[in-house]
Asks: 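Before I ask anything, let me first share the structure, which is written out below as C-alpha cells.
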Amino acid sequence: MDACSERKPKITASRKLLLKSLMLAKAKECWEQEHEAREAEKSRYLAERIPALQTRGLSLSALQDLCRDLHAKVEVVDEERYDIEAKCLHNTREIKDLKLKVLDLRGKFKRPPLRRVRVSADAMLRALLGSKHKVSMDLRANLKSVKKEDTEKERPVEVGDWRKNVEAMSGMEGRKKMFDAAKSPTSQ
C-alpha cells in the first residue's frame, strides 16, 4: 500500500466539527453587524430626506396645503418608480433576447454528420464562381493518351526454351549481354 493512503488525517473529525461551528458563528456575527449597519444607514438617510412634520397648531387651510404638497411629492416619486420599473423590464427582456441570440450563435444545436458527395469539377466551379461564369474545365482533356498497341510493339515477347536462356546468361558472357541490353535502349 502507498504511504499516502496509510497516513492518518492531520485534523480529527471532532476538531473539524468544532472549527466549522466556530466559522459559522463568526459568519453569523458578521451578517448581523452588516444588517444593523444597513438599518442605521437607512434611518439616517430617511431622517435627512424627510423632515419631521409639525402639524400642531396649523389651521385647516394650512393642513390642506401641506397635504397637497405631500401628494405632489408622492406623485413625482411614483412616476420615477414607474419609469425605473419600465426600464428594468425593458432591460431584462433585452438581456433575455441577447442570451437567446448568444445560444443561437454558439450553436448548441446538434449538427448532422456530413456525408461525402461526388461533385464534378464543372459543378464545383459553378458553385464557387456562381452561375454567371460559364467555365468548362475538362480535366481529362489535358491527360496524355497512351495507345495500347504501341506498348505491345515495343516489348516483343520471346517464347522459347528457358534452359537455353539460362545457359546463355550464365558466366561472364551472359552478364555482358545483360549489361549491353540494359545500356542499348537508353542510348536510342
Side-chain angles (χ1 to χ4, degrees), residues 1-140:
M1 290 193 161
D2 290 353
C4 296
S5 63
E6 290 180 13
R7 227 171 39 188
K8 292 182 179 179
K10 293 181 181 178
I11 301 174
T12 62
S14 59
R15 178 80 174 147
K16 279 185 186 178
L17 188 63
L18 177 67
L19 289 174
K20 190 174 182 181
S21 62
L22 288 173
M23 286 172 55
L24 286 173
K26 182 66 176 172
K28 184 178 180 184
E29 183 183 323
C30 289
W31 181 78
E32 286 174 354
Q33 286 176 354
E34 276 184 33
H35 188 66
E36 289 173 5
R38 259 192 245 134
E39 288 295 326
E41 178 68 23
K42 183 178 177 182
S43 61
R44 185 190 61 76
Y45 179 77
L46 288 175
E48 269 181 25
R49 298 276 292 180
I50 303 168
L53 289 177
Q54 297 294 331
T55 55
R56 288 187 182 249
L58 292 177
S59 66
L60 183 64
S61 63
L63 285 174
Q64 287 176 345
D65 288 340
L66 181 64
C67 286
R68 283 188 198 106
D69 289 341
L70 290 176
H71 278 291
K73 288 179 181 179
V74 167
E75 284 178 8
V76 168
V77 169
D78 278 344
E79 285 177 10
E80 288 177 2
R81 183 181 55 81
Y82 178 77
D83 291 343
I84 290 172
E85 281 181 6
K87 284 180 183 178
C88 273
L89 285 173
H90 177 72
N91 287 342
T92 53
R93 270 191 231 116
E94 192 172 336
I95 288 170
K96 187 178 177 183
D97 291 342
L98 290 174
K99 281 183 181 178
L100 287 173
K101 283 183 182 179
V102 165
L103 285 176
D104 287 344
L105 290 175
R106 193 182 304 156
K108 277 244 173 183
F109 306 106
K110 187 176 179 182
R111 293 183 181 137
L114 299 176
R115 295 184 303 242
R116 290 184 183 249
V117 179
R118 286 191 175 193
V119 180
S120 67
D122 292 336
M124 195 177 294
L125 284 172
R126 244 184 276 123
L128 290 173
L129 301 175
S131 60
K132 294 177 185 175
H133 304 284
K134 299 278 183 172
V135 177
S136 178
M137 187 176 203
D138 188 13
L139 297 174
R140 294 181 183 171

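As the structure is a prediction and not an experimental result, all values here were calculated from the model.
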Asks: Between R38 and E41, is there a salt bridge with N-O shorter than 4.0 Å?
Replies: no
Asks: What residue pairs, at least two apart or across chains, pass salt bridge (Lys or Arg N to Asp or Glu O under 4.0 Å) with a residue in residues 87-103?
Replies: none
Asks: In Å and rounded to the nearest 0.5 Å, what is the OG1 to CG distance from T55 to L63?
Replies: 6.5 Å
Asks: Sort and list the pairs that fulfil side-chain hydrogen bond (donor to acceptor under 3.5 Å, both in side chains) and have at least one residue in residues 61-77, not counting sequence neighbours.
Replies: S59-S61, D65-R68
Asks: Donor-acceptor pairs are to be reported for all side-chain atoms of residues 21-35 against protein atoms at under 3.5 Å, with residues two or more places apart or in another chain.
Replies:
| unit_1 | atom_1 | unit_2 | atom_2 | d |
| --- | --- | --- | --- | --- |
| S21 | OG | L17 | O | 3.3 |
| S21 | OG | L18 | O | 2.7 |

